[in-house]
Amino acid sequence: MLLSGAEIIMECLLREGVDVMFGYPGGAILPTYDAMTKYPQIHHVLVRHEQGASHMADGYARATGKVGVCIATSGPGATNLVTGLATAMMDSVPVVAITGQVGRAAIGTDAFQETDVTGVTLPVTKHNYLVTDIHELAYVIKEAFHIARTGRPGPVLIDIPKDVQNEKIEFVYPEGEIRLPGYQPPNAANDDDVRRAIQLINQAERPIILAGHGILMSGAVGELRELVERAQIPVALTLLGKGAMPEDHPLVLGMMGMHGHAATNYAIQESDLLIALGMRFDDRVTGNLKTYAVNAKKIHIDIDPSELNKNVKVDVGIAGDLRTVLTQILPGVEAQQHQTWLNRIRDWQEDANERDILHTYDGTGMIAAQVINDLWKYTDGEAITVTDVGQHQMLEAQYYPHRRPATLLTSGGLGTMGFGLPAAIGAKFGRPDEEVWAIVGDGGFQMTLCELATAAQENVNVNIAIINNGFLGMVRQWQEIFYEQRYQSTPMFNPDFCKLAEAYGIPSKRVTERAQIQEAVEFARRIDGPVLIEFVVVKEDMVFPMVPAGADLDKMIRRPKPTERKK
Amino acid sequence: MSECESTKQTVVALVENKPGVLNRVASLFRRRNYNVDSLTVGRTQKPHISRMTIVVDTKRANVQQIVENLRKLVNVIDVRHISNEPHISRDLALIKVRTNDADSYNQVTEICERYPARIVDMGSKVAIVEVTASESVVEEVIEKLRPIGIVELVRTGVVAMGRGTRIHDTQYEPTFGVPVNGTSNNGVLI
Ligand SMILES: Cc1cc2nc3c(=O)[nH]c(=O)nc-3n(C[C@H](O)[C@H](O)[C@H](O)COP(=O)(O)OP(=O)(O)OC[C@H]3O[C@@H](n4cnc5c(N)ncnc54)[C@H](O)[C@@H]3O)c2cc1C
Ligand SMILES: Cc1ncc(C[n+]2csc(CCOP(=O)(O)OP(=O)(O)O)c2C)c(N)n1
C-alpha cells in the first residue's frame, strides 16, 4: 500500500490501540492533520493550549494505564508541550508526543518555527526521536510506544519533519519483535535477594510497608494486599501510591511525608524494617535523610536500578517488576501478628484524631478540609479525583480516602500548577464510565482555564471544584510560617468564576456555606457535561501536619489539641 | 594509590553509532551533576557500534549510580565499570616544547629515552613529543618536560580495554542505519 508519512503515523497509532489524541494544529504538522480525516476511528480533541494537550494525554494515561497521545506543530507548539512532558517524566507516566518539524533541508537554518525539539526535550523525556528517513517511521513509532509503556514508564517524543510526513512509500507494518539492545528493563529478582528479603520480613518486629506509584504501575495491588494481611504489616502510602490499598483497610495508615499523617511518620521513624515498594524516597517523603528511619533495616524493590541506594542506603535492593518480585517473595512470608507494634500506632492515630481540624474547627467560614471531606462523602468515595497543586492537593490526600487504584491523579514530582483541569479532561476520555472531579485551587485553575472551552466543545462530563481562598494558598502558608506573614504576591484578584463558566455555557454554582455542599455536589453529578462549582473558603487556612523542608520526619509542625489551645 | 581507591573511575560504554548519542551521554552527566574527567568516543570493529571511555570523578556521585543511569539510555548498549577488572588504559599527549638550544634538546631526548615517548616533529625552535601511556605516566612526562618549556599541549583522554579474554562486545545488529563502507559519518557522533 502506497502511504504518506502522515498516513503511516495514523496507521501505526491505530495498531497501538489509540482511540483518542489531544492536540493543536499548525504548519509543520498539517499533513498529519489532513490524514486524520481518513482515520475517523481516532478521535482528535482540539485543546486551547498545547500544555493542555500534554496534561490531557497524561491524565488519560494515569487513569487507564495505557499510553496517552498528544500532538503539536513545530516551534512554539512543541515548546508548549514541555511542561506536560516534564510532569509525566517525573511521575513515570506513559505518554507519546508527536511533533511536526520543519522540512529536512531547512533543519539547522533557523527556519520559520524551527526549534531543536529533540534537544529541548532530551532531559524531560525517557527517549526521543527525530525521524529523518521515512523507512524508519513505523519502527520508531512502534519503539516509542514500547519504551513509553514498559519498564519504568515515561514520555517519549517523536519529531517528524514535514517533508517526511508528505513523502510516500510502500507501507508494510513492522510486525516483528522490537529489537532494542540497550533497553532491557529488569523483571525478576535473584534467589539470594529473595531469600534475604524474606528473612528480614519474617524477623521484623516493627515493620512498615511504604507503598508507592510502582504498585499501581505494575498491577501488584493483589500481591501487596496478600503480603500485608498475611504478615499484618501496616502500610504507608506515598501521594502517588494512594489507591494501592483501600484506605479504609485497618492496616492502611494513609499518606507519609511532608503533609502525611503524623502517626504514619512516627511509625516510619520507629520502625525496624522499611519495605519500600515502587517508591523513590522523594525528599518530600523522607525529610532529613541523616535522621530518616535510622534504626530500620531497609528493603527496596524498584524496576529502575538507578533508584536503589540513590537517596537512602538499603540492605536489600532488588531491581525488578514489583508484581513479579512480590510473587517470588510471598511463598516465604510467614503469618504474623505484630500486635504491640500496631497498638503503638493506634495510640498515635488517636492523638492525631484529637487534633483533626474536621473535629475541632470552631471558626465561622467554610474550610477546605470540610469541602473535600464532604465531596468524598457525597461521591461515595468512589470518584476519580484529579487535583491541581497546593493546599487543596494535600487536603485531598488527607481527606479523600481512596479505595481503588488510579482514582487519585495528581502531579507529584514536578508539582505542576495547571495540571488539574486538563488532566481531568484526559482522564474522563480514558474512563468515560467513571465520575471525574477536578479539584483545583483558584491559582492553578487560572493557569489552564482556557481548557474550559475544550470541555465545553467536547461536552466532557467533568465536574470542576474550585477551592477559592483568594490566595496562592500553599505559598501563603510558607510565608506565614517562614517569612513572618509577609504575603508578597500571593493575594489574588479573581474573576467571577461562575460568570466565567457561564461565558463558556458551563453550568455553575457558588457555595459559601457547608450546608450547601451536598446540594451543589448533587447538582454537578446530575448534569451530563462539564459543571463548575466554586467553593469560597476561609482565606488563611493551614495544612497540618507539616514537616518543614529538610527537617527530621518526626519533627512535624502539628495542629494543637483544643485542650492545649485553650491554655 | 590504585585506581580502585582513587575517586577517579573508568567506565566503558558500547553505544549505537547514531546521531545524538554523544549529546545524550553529555546531557546525562550535566543533568545529574557528574564530574567528567575525560570522555573519548571512537569507532569499533563494527560500524554500527561506537565505544566511549569515560573517566569520572566520583567524589560527588557513586560510580554504581553513574553506570545505572548510563544503562538507562536507550542507545547505550552495554556499560562496564572497568576499574574493577584487570585492564589496560592509555592516554596520548602531544606536547610542544621549546628546544632552541642544545641543552634543552638534549634534555628532551633524554626524557624520551626513559619514557614511552618520542619526538615526532623537530624544528629549529620547538619539538613535538608524543607520549602514549597510562594517564599517570603521561602526567609524569608532562611534569618532566614542564621546566624545559611547554608551549602547547593536547591530550586525547583515556581509552581502556579489559585484559585477556574479557571481551566487551555485543551481538546486536541494527535494523537500520548500517553505515556504508564500514565508515560512519567520519566517526562523528553528535
Ligand atoms: C505540594 C506537594 C506536597 C507533597 N507532599 C508529599 C507528601 O507529604 N507525601 C508524599 O508522599 N508525597 C508528597 N508529594 C509528592 C512527592 O513530591 C512525590 O511525587 C511522591 O512522593 C512520589 O511518589 P512515588 O515515589 O510513589 O511515585 P513515583 O515518583 O512515580 O515513583 C515510582 C517508582 O516506582 C517505580 N516503578 C515503576 N514501575 C514499577 C514496576 N512495575 N515495578 C517496580 N517499581 C516500579 C519507578 O521506577 C519509581 O522509582 C508532594 C507533592 C507536592 C506537589
Ligand atoms: C507552574 C507552577 N508555578 C508555581 C508553583 C509554586 N506553587 C506551589 S503551590 C502554589 C500555590 C497554589 O495556589 P492555588 O492554586 O490557589 O492553590 P491552594 O494552595 O490555595 O490550594 C504555588 C504558586 C507551582 N507549583 N507550579
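To find a chain, count down the sequence lines: A is the first, B the second, and so on, and within it residues start at 1.
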Trace of the salt bridge (charged side-chain N to carboxylate O under 4.0 Å, His left out) decision for B:K96 with B:D121: CA-CA 9 Å; B:K96 194 177 282 178; B:D121 182 51; over 6 Å; no

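Counting heavy-atom pairs closer than 4.5 Å to chain B, the top-ranked of the candidates A:A319, A:P185, A:G182 is A:G182.
In this structure, chain A has heavy atoms under 4.5 Å from both the backbone and the side chain of B:N69. Contacts of A:D304 with chain B are made by side-chain atoms alone, with heavy-atom separations under 4.5 Å and no backbone atom involved. Contact annotation for B:R71: only backbone heavy atoms (N, CA, C, O) come within less than 4.5 Å of a heavy atom of chain A. Proximity to chain B is limited to the backbone of A:L308, based on heavy atoms less than 4.5 angstrom apart. B:I66 does not touch chain A: none of its heavy atoms, backbone or side chain, sits under 4.5 Å away. For B:V74, the parts sitting under 4.5 Å from any heavy atom of chain A are the backbone and the side chain alike.
The closest side-chain donor-acceptor pair between A:N311 and A:Y292, if any, does not fall under 3.5 angstrom. Using a 3.5 Å distance cut-off with no hydrogens or angles, the side chains of A:N128 and A:T121 do pair a donor with an acceptor.
Contact check on A:R284 versus A:D282 returns no salt bridge, with no Lys/Arg side-chain nitrogen under 4.0 Å from an Asp/Glu carboxylate oxygen. Comment: B:K144 does not engage B:E110 in a salt bridge, judged by the lack of any side-chain N to carboxylate O separation of less than 4.0 angstrom.
Looking at every heavy atom in both residues, A:I9 comes nearest to A:I141 through CA-CD1, 3.8 Å.
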